[in-house]
Amino acid sequence: MSSSPSRPTVVLGVTGSIAAYKALDLVSRLRRKDIAVIAVMTRSARELVGPASFESLSGNPVAVDLFPRSKPQQIEHIALADAADALAIVPATANIIGKAACGIADDLLSTVIMAATAPVVCAPAMNVNMWNSAAVQLNVKILAARGWTMVGPAEGRLACGTDGRGRLAPVEEIEAAILKALGWSDDLAGVPVLVTAGRTEEPVDPVRFLSNRSSGRMGYALARAAALRGAKVTLVTGPADVPAPAVGTTVRVRTAEQMLAAVTQHLPHHRALIMAAAVADYRPKNAAARKIKKSGTATALELAENPDILKYASVHKKAGTVLVGFALETDDLVANATKKMKAKGLDLVVANGASALGSDDNDAILIRKGGKPLRCGRQSKRDLARTVLDEVVKLVARPR
Ligand code: C5P
């Protein structure tokens with residue numbers, strides 16, 4: 001797949017409706033926005049439109065095989081599912097809608113659909129009686145309830161010569177739904193944003209360390225969401241459980257002191273700092289040069305306090321630099337997070353309980369300087385990242 005890493009990627013499933021050729025226009029539109037497109041065509045779609053057209057417009061090979069001989073080392077459907085920032089099925093036949101609703105995975109596209117966690121946009125196109133059939137109507141309801149965005153179909157003259165609902169929705173409507181699903185916009189175009197993520201590891205000796213259960217998911221979702229809005233992202237990351245997203249520049253660190261050094265170096269060139277990393281508050285005062293041996297008696301570890309990176313940033317930042325922090329609190333969430341906002345001189349605090357640790361979801365409250373707390377409710381970290389960035393956009397737009 002030849003997409004440059006920081007560009008968003010749409011995996012486009014094309015199925016065997018006569019409207020398949022209209023998906024070519026969609027590819028051109030997305031490419032004009034520098035969005036990478038990888039087309040997955042079903043067998044019947046390939047009867048209607050040649051893969052070469054999709055290949056030349058997208059600049060990527062069209063995926064058709066579950067087990068491509070040319071890539072024996074990779075599992076094609078998982079690689080495609082993982083590459084997708086959004087999955088679009090344009091046009092979607094009654095068949096693919098039925099397979100997705102029932103959990104059938106018997107070819108590449110249906111298997112990618114099952115393996116993908118990205119948001120799905122589905123644009124059905126079929127004969128009016130097929131669309132109105134009880135089976136399709138039920139399947140569409142099932143998929144909408146799973147969070148799929150259904151676009152169309154529209155009314156009008158159909159390929160079979162009849163009139164009614166079943167035409168592919170206008171391509172610009174489908175494009176708008178895909179951009180929304182991606183979280184794509186240009187409201188942070190060119191704005192340098194520094195994001196920290198992951199946890200820190202504080203060495204006890206050469207083989208042991210003190211750390212915490214942060215997975216890195218929230219910070220990575222923020223870095224990705226900022227990049228999708230056009231920000232020039234620098235990601236400073238400690239160890240994490242999931243792979244770092246490919247954004248502008250990634251700086252890898254291990255300890256809080258290394259993270260402080262990286263933030264200090266990069267902050268002057270950035271308009272905002274989003275400090276999502278779970279920084280250890282303490283480190284072993286003297287890390288042993290050799291592995292500490294069992295002595296047969298109880299022992300104690302002396303701890304030194306780590307630098308508070310956000311506090312440091314709020315004292316040393318250039319005027320107008322936006323500072324966003326996180327507050328993980330087990331009690332009095334709003335009161336404690338508000339205190340933290342004042343103490344650390346922050347513009348915004350994302351307050352959450354411990355249940356967010358290691359999870360794909362978060363139930364956060366945004367504490368806004370001079371504004372009312374915003375209760376986000378339980379939502380995916382991807383969606384929360386977008387809400388946080390909506391606030392960052394407003395803060396960045398303020399006069400300095
Ligand atoms: O004070 P507390 O550790 O709860 O504050 C959490 C916020 O402060 C997070 O945004 C975290 O990234 C940041 N932090 C920091 N330096 C530390 C500890 C936490 O910047 N040493």
Side-chain angles (χ1 to χ4, degrees), residues 193-203 209-223 225-226 233-240 244 251-267 270 272-285 303-317 321-358 362 364-369 373 376 381 384-385 387-389 391-392 395:
V193 175
L194 183 58
V195 179
T196 68
R199 52 189 178 253
T200 64
E201 290 178 355
E202 311 296 334
F209 54 78
L210 296 183
S211 191
N212 58 66
R213 292 196 290 118
S214 169
S215 67
R217 285 186 178 86
M218 190 66 235
Y220 288 177
L222 284 158
V233 177
T234 303
L235 172 63
V236 174
T237 180
V251 181
R252 292 189 184 271
V253 297
R254 193 158 284 277
T255 64
E257 286 180 315
Q258 289 167 359
M259 189 169 278
L260 174 67
V263 169
T264 307
Q265 183 194 336
H266 291 282
L267 188 63
H270 289 77
L273 166 64
I274 305 177
M275 191 77 209
V279 186
D281 291 328
Y282 293 93
R283 64 178 183 281
K285 191 168 177 199
L303 300 178
E305 199 167 357
N306 266 334
D308 191 308
I309 301 170
L310 263 178
K311 225 180 204 166
Y312 181 91
S314 85
V315 173
H316 293 92
K317 70 172 189 177
T321 307
V322 171
L323 292 187
V324 180
F326 275 68
L328 195 151
E329 304 286 345
T330 48
D331 47 293
D332 292 335
L333 201 56
V334 173
N336 284 327
T338 307
K339 245 190 250 163
K340 198 164 290 179
M341 178 165 74
K342 287 184 185 143
K344 298 200 188 197
L346 307 179
D347 299 287
L348 178 70
V349 173
V350 184
N352 49 215
S355 70
L357 275 175
N362 202 335
I365 304 174
L366 304 192
I367 313 290
R368 299 175 286 188
K369 190 173 162 189
C376 301
K381 287 182 176 171
L384 176 59
T387 312
V388 171
L389 282 160
E391 296 298 319
V392 171
L395 291 164

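Counting convention: from 1, in listed order, for ligands and their atoms alike. Fair warning: this is a prediction, and the values are worked out from it, not measured in the lab. One-based numbering along the sequence shown.
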- request: List for me each residue that meets ring pair (Phe, Tyr, Trp, His ring centres under 6.0 Å) alongside Tyr282, sequence neighbours excluded, and say none if there are none.
  value: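 Counting only residues at least two positions away or on another chain, Tyr282 forms no ring pair (Phe, Tyr, Trp, His ring centres under 6.0 Å).
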Is the side chain of [X] donor-acceptor paired with the backbone N or O of [Y] at a distance under 3.5 Å, no angle test?
X	Y	answer
Asp347	Leu323	yes
Arg199	Ser214	yes
Asn336	Asp331	yes

field: Atom pair OH (Tyr220) and OG1 (Thr237), whose distance is rounded to the nearest 0.5 Å
entry: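 Tyr220 OH to Thr237 OG1: 3.0 Å, rounded to 0.5 Å.
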- request: Measure the CD1-CD distance between Ile274 and Glu391 for me, rounded to the nearest 0.5 Å.
  value: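 With rounding to 0.5 Å, CD1 (Ile274) is 11.5 Å from CD (Glu391).
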message: Distance under 4.0 Å, heavy atoms only, partner ligand 1: which residues pass?
response: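 Contacting ligand 1 under 4.0 Å are Met275, Ala277, Val279, Asp281, Pro307, Asp308, Ile309, Leu310, Gly325, Phe326, Lys340, Lys344.
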